[in-house]
Amino acid sequence: MKVKLAERMSRLGTETAFEVLAKVVDLRRKGRDIVSFCIGEPDFDTPEHIREAGIQAIQKGRTHYGPPAGLPELREAIAAHLTKRYGVPYSMDEIVVTAGGKSIILFAIQALVNEGDEVIYPNPGYPIYESAIDFVGGKRVPLPYWESRGFSFDINELERLITPKTKMVVINSPANPTGGVIAADDLKRLAELAKKHDFWILTDEIYSDITYDKEFHSILKFPGVKERTILLHGFSKIYAMCGWRLGYGAMPRELVPGIARLNNNYVACAATFTQLAGKTALEGSQEPSRKMVAEYKARRDLIVGLLNEIKGVRCHLPFGAFYVFANVTGACKNLGFKDSLDVEDYALEKAGVAVLSRMRFGRKNAGENDEYIRLSYATGTKDIQEGLKRLKAALEDQALASQWLKERKK
Ligand code: PLP
């Protein structure tokens, strides 16, 4: 049967990492040995005390629907956690719990952005921002995050993009796909601009507990900005709870009923026992999370060191998340590749290594002449060593690359 989807579906993007993951799964099924750096998911299991809390909740019959804004006990725990962590007072009526932090992106944009409104968002960036803006008929205004600025933006460039139609600015720090963090001075200026030009800020801080070497700054700490800010956070990354699907938004209380209504329409509520496990995650021991972050830091140092040993590759030390964004411009030139998509295909086909091209995180910015690939190091040390050995061999083998290019043309 030929299915003709509604017109709006042509405007809905997707999370591109899952497309490469599908190729990895297919190749593995065919018996290929693939080292995968493509998916941004902790390889650790959820800490035991959190798993136990989920099991207990099921055993106690907490398997019913809950309120669309989230269970009051979890909303209270989140508000207390944010108040302590950010030094900004939050109360439970400013929190909406969702099935994954991701929902907050679509909900916030659906609730606030009218057709034709402009939304400034990171490029390269997490693909769901662009998808959500397109879906609601908003106008996308990509903001370059430059390597020369530690993969953050230039605040003057951001200011030039603001127009009377700017409804929202989305920021992400530490960032996917680059691991870059936004400097406190730039956040301060952005907070002033938001007040002056009266726009919303959606701050995606899902990786804010995974930072190294540098202190993390949230835009929320600047005065007068909380009432125009939606904070996106969740449990997937820091508590290794991706599959539980649990996240939240913190926002002005007047916005809560709208966001909760969207949540109700889509999923009714996040799973009740998952929410109770989340409460334990916030209130219980943070030691397992600290250990995970220490392990990510060691892996980051390892992977950055190994990448910088490859001819034609340059990689800065990222300060957060679990991604490196390596500059492969030199390798592309050496091997006669058109762009980083060639690197992605070549690495998968000839080296059995899955990485993601920069093109999977938005179109190139004007003046962006370099090529990049993203590697997630939320994977074991052995895989990092083996994968980088294979990548080095392939990216330094001109004969293999020429042969691959010829095969490709056929
Ligand atoms: N925001 C960013 C930048 C992400 O990278 C992700 C997941 O990869 C999310 C939000 C959503 O995470 P979740 O829906 O698992 O909470």
Could you check whether Phe325 and Phe151 have their ring centres less than 6.0 Å apart? yes

One thing to verify: whether Glu94 and Arg75 come together as a salt bridge, which I'm taking to mean a side-chain N less than 4.0 angstrom from a carboxylate O. no

Thinking salt bridges, do Lys237 and Glu41 make one under a 4.0 Å N-O criterion? no

Should Trp244 and Thr46 be marked as a side chain to side chain donor-acceptor pair (under 3.5 Å) after you check the CA-CA gap, both sets of side-chain angles, and the distance that decides it? CA-CA 9 Å; Trp244 296 73; Thr46 306; 3.0 Å; yes

Any chance the side chains of Arg28 and Ser36 put a donor and an acceptor closer than 3.5 Å? no

Which word best sums up how the rings of Tyr126 and Tyr129 line up, parallel for under 30°, tilted for 30 to 60°, or perpendicular for over 60°? perpendicular

Less than 4.5 Å apart, any side-chain heavy atom of Leu282 and any of Thr280? no

Does any part of the side chain of Val313, heavy atoms only, come nearer than 4.5 Å to the side chain of Asn308, both counted from C-beta? no

Indicate yes or no: does Asp134 engage Arg8 in a salt bridge with an N to O separation below 4.0 Å. no

Would Glu295 and Arg299 count as a salt bridge (Lys or Arg N to Asp or Glu O under 4.0 Å) here? Give the steps. CA-CA 6 Å; Glu295 177 63 28; Arg299 293 174 183 180; 3.2 Å; yes

Ring centres under 6.0 Å, that's the criterion: do Tyr346 and Phe337 meet it? yes

Scan Phe153, Tyr121, Tyr372 and name whichever one has a ring-ring contact (aromatic ring centres under 6.0 Å, His included) with Tyr145. Phe153

Salt bridge or not between Glu396 and Lys392? Use side-chain N to carboxylate O under 4.0 Å. yes

Lys221 bridged to Glu215 by N-O distance under 4.0 Å: no

So does Arg149 have more than 12 non-hydrogen atoms from other groups sitting under 6.0 Å from CZ? yes

Chi angles and distances behind the salt bridge (Lys or Arg N to Asp or Glu O under 4.0 Å) call for Lys102, Glu15: CA-CA 11 Å; Lys102 194 183 221 173; Glu15 195 166 341; 2.8 Å; yes

Quiz item: cation-pi between Lys214 and Phe319, 6.0 Å / 45°: yes

Show the numbers, then the answer: is there a side chain to side chain donor-acceptor pair (under 3.5 Å) between Asp370 and Thr329? CA-CA 5 Å; Asp370 282 302; Thr329 316; 2.7 Å; yes

Sub-4.5 Å side-chain heavy-atom contact between Val141 and Val119: no

Once the angle between the rings of Tyr248 and Phe235 is folded into 0 to 90°, is it parallel (under 30°), tilted (30 to 60°) or perpendicular (over 60°)? perpendicular

Between the side chains of Glu118 and Arg140, is the shortest nitrogen-to-carboxylate-oxygen separation below 4.0 Å, so that they form an ion pair? no

For the residue pair Phe361 and Asn176, establish whether any side-chain heavy-atom pair is separated by less than 4.5 Å. yes

Would you confirm whether Arg358, through its side chain, and Gly362, through its main-chain N or O, come within 3.5 Å as a donor-acceptor pair? yes

Holding to side-chain hydrogen bond (donor to acceptor under 3.5 Å, both in side chains), I want the full list of residues that pass it with Gln275, two or more places apart in sequence or in another chain. none

Does a salt bridge link Arg290 with Glu287, judged by any charged N lying under 4.0 Å from a carboxylate O? yes

Do the side chains of Ile120 and Thr166 get nearer than 4.5 Å, heavy atoms only? yes

Does the gap between the ring centers of Tyr266 and Phe107 come in under 6.0 Å? yes

Taking the side chain as everything from C-beta on, heavy atoms only, tell me whether Glu344 gets closer than 4.5 Å to Val20. yes

Is the Lys NZ or Arg CZ of Lys297 less than 6.0 Å from the centre of Tyr377's six-membered ring, within 45° of the axis? no

Please tell me if the side chains of His233 and Asp209 come closer than 4.5 Å, counting only heavy atoms from C-beta onward. yes

Donor-acceptor under 3.5 Å (Asn172 side chain, Asp204 main chain): yes

Ion pair Glu386/Lys389, N-O distance below 4.0 Å: yes

Carboxylate-amine/guanidinium proximity below 4.0 Å for Asp26 and Arg32: no

With side chain to side chain donor-acceptor pair (under 3.5 Å) as the test, would you mind laying out the steps for Glu371 and Asn327 before giving the verdict? CA-CA 6 Å; Glu371 301 294 334; Asn327 186 318; over 6 Å; no

Between Lys165 and Asp117, does any NZ, NE, NH1 or NH2 come within less than 4.0 Å of an OD or OE carboxylate oxygen? no

Inspect the contact between Arg228 and Asp198 and indicate whether a charged nitrogen and a carboxylate oxygen are less than 4.0 angstrom apart. yes

Rounded to the nearest 0.5 angstrom, the CG-CD1 distance for Leu231 and Ile104 is 9.0 Å

Is the closest basic N to carboxylate O distance between Asp345 and Arg408 below 4.0 Å? yes

Can we say Glu76 and Lys279 salt-bridge, meaning some charged N sits less than 4.0 Å from an Asp/Glu carboxylate O? no

Taking the side chain as every heavy atom from C-beta outward, state whether Val225 and Ile201 have any atom pair closer than 4.5 Å. yes

Asp33 with Arg390: basic N within carboxylate O range, under 4.0 Å: yes

Check: Tyr296 ring centre within less than 6.0 Å of Tyr207 ring centre: no

So does Glu19 pair up with Lys23, basic N to acidic O under 4.0 Å? no

